[in-house]
Amino acid sequence: MKNRNITIIDVAREAQVSTATVSNVLNRKSNIPMAEETIRKVEEAAKNLGYRRNVLAASLSKKHSYELGLLLPGFAGYFGSFAEVMESAAHDRGYRLAVYSTESDPMIEKRHLESLLERRVDGLLCHGLAMSHDSTRAIVSDGTPLVLFNAWDWPEDIAIGAVNVDFRQACIYGVRHLREQGCEWVGYIGPSPTNATDIQRRGGFIEGTRLLRIEEQSGCFVIPAEFDYGTLIDQLVALHNGDRYPIGILAFDDAMAYRFLMKAMEKGYRIPGQFKVMGINNSYYAKFSYPGLTSVDIPYDLQANLALDWLLSPSAPPPPSKPSSPDIKEPYSIVGTTVNIYAPLIIRGSTGA
DNA sequence: CGAATGACCGATAATCAGGT
DNA sequence: ACCTGATTATCGGTCATTCG
């Protein structure tokens with residue numbers, strides 16, 4: 001039997017009731033009073049015929065699509081994990097989620113946005129790196145609710161709000177951690193000082209060295225994609241005359257941390273004795289590698305749920321956060337229309353004593 | 001021939017009606 | 001008056017038919 005053509009008309013005929021009754025039984029059980037016998041007849045007919053709800057028709061009538069759009073700059077690493085959590089959180093709230101990657105290309109961004117708006121999504125969740133300010137403003141003036149995430153230093157008025165992970169603060173803590181572990185000198189390595197994500201982290205690192213008054217014992221490096229980490233390691237060792245270990249490295253993400261760490265080990269240096277290395281993202285392997293990689297954990301669940309709740313009820317901004325215990329920091333803080341989520345340091349062997 | 005009209009897709013919300 | 005279930009208008013677009 002071809003279930004795709006079974007509609008409530010067929011179910012109504014089979015159950016000897018009206019189509020409205022079928023709709024009421026299948027979708028509004030708790031609100032509409034109905035006889036037990038009617039409910040049983042309809043449910044049985046629907047089951048026998050293999051009825052499947054047509055959400056397109058429902059959207060047409062309800063003037064809501066119950067679909068949300070998620071725009072990311074890509075699918076790798078953090079973005080994929082984020083999409084997974086977001087999809088599940090949206091599903092829990094009765095929404096479907098369409099996920100697109102803009103590949104950091106304004107033309108692709110425009111095409112995806114247009115496609116999502118044509119389908120009348122009920123709201124958009126957009127990564128700061130996936131969006132231009134102009135197209136974001138255009139959407140907002142169109143009336144589609146929009147919440148940004150990881151959109152640092154965006155104009156306040158541009159969307160309902162932004163839900164950001166506070167990598168800047170995490171890097172400040174990172175510097176302090178490396179210092180507390182006895183690092184004579186600390187360095188930051190990142191891909192590009194023009195990338196908004198890198199700017200956040202780099203800025204946090206520099207701020208961290210300033211707070212500890214160790215600007216003179218620190219440095220930042222820009223690492224191109226096909227870079228030989230060996231050269232950098234040689235430079236650092238020369239800089240220290242080989243006797244001011246350990247050297248602390250805060251990397252842009254876990255992948256860069258591993259590339260540095262593995263090259264250092266290959267060259268015979270001890271981790272964490274001579275180099276202490278930490279990353280950001282707390283990726284799957286950070287926990288299971290040897291040595292385990294110290295990293296900054298990203299509270300995906302919290303970020304996704306805050307963003308979704310805000311998107312679906314724009315008039316109700318996120319409630320103030322409460323620390324779960326006195327020794328734990330606030331899970332997040334709110335400044336204007338921006339939520340900053342605290343990202344905790346997970347300390348492992350790569351920076352251990 | 002192009003323009004205007006109306007039926008139609010499937011489900012739903014609002015309204016209505018029949019039976020106790 | 002209260003339940004329960006039926007009727008109807010409607011959503012926004014497409015397509016076939018009719019009209020001038």
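- Between N24(A) atom CG and dT15(B) atom P there is a gap of 15 Å when expressed in whole angstrom units.
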Got a list of side-chain donor-acceptor pairs under 3.5 Å for residues 332-347 of chain A, not counting sequence neighbours?
unit_1: Y332(A); atom_1: OH; unit_2: P319(A); atom_2: O; d: 2.6
unit_1: T337(A); atom_1: OG1; unit_2: E156(A); atom_2: O; d: 3.3
unit_1: T337(A); atom_1: OG1; unit_2: E156(A); atom_2: OE1; d: 3.1

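- Atom CG in L26(A) sits roughly 13 Å away from atom C1' in dG10(B) (whole-Å rounding).
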Can you build the contact string for nucleotides 8-13 of chain C? Use B for base contact, S for sugar-phosphate-only contact, and - for no protein heavy atom under 4.0 Å.
---BBS

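- Taking the centre and axis of the six-membered ring of Y188(A), the NZ or CZ atom of R202(A) falls outside the cone set by 45° and 6.0 Å.
- Residues F149(A) and F82(A) bring their aromatic ring centres within 6.0 Å.
- At a threshold of 4.0 Å, the pair D234(A)-K267(A) counts as salt-bridged, since one of the basic side-chain nitrogens sits closer than that to a carboxylate oxygen.
- The side chain of T21(A) has dA6(C) as its nearest neighbour among dA6(C), dG10(B), dT12(B).
- Distance CZ (R40(A)) to P (dT4(C)): 16 Å, rounded to an integer number of Å.
- With dG10(B), dT12(B), dA6(C) as the candidates, the nucleotide lying closest to the side chain of N54(A) is dG10(B).
- Put simply, OG1 on T209(A) and CD on E215(A) are 5.0 Å apart, with the number rounded to the nearest 0.5 Å.
- In this entry the distance linking CD1 of I8(A) with C1' of dA6(C) reads 13 Å, nearest Å.
- Between the CZ atom of R53(A) and the C1' atom of dG10(B) there is a distance of 11 Å, given to the nearest Å.
- Here Y51(A) reaches the OP1 or OP2 of dA11(B): one of its side-chain N or O atoms lies under 4.0 Å away.
- Taking each heavy atom of I160(A) and P145(A) in turn, the nearest pair found is CD1-CB, 3.7 Å.
- Atom P of nucleotide dA6(C) and atom CD of Q16(A) are separated by 10 Å, given to the nearest angstrom.
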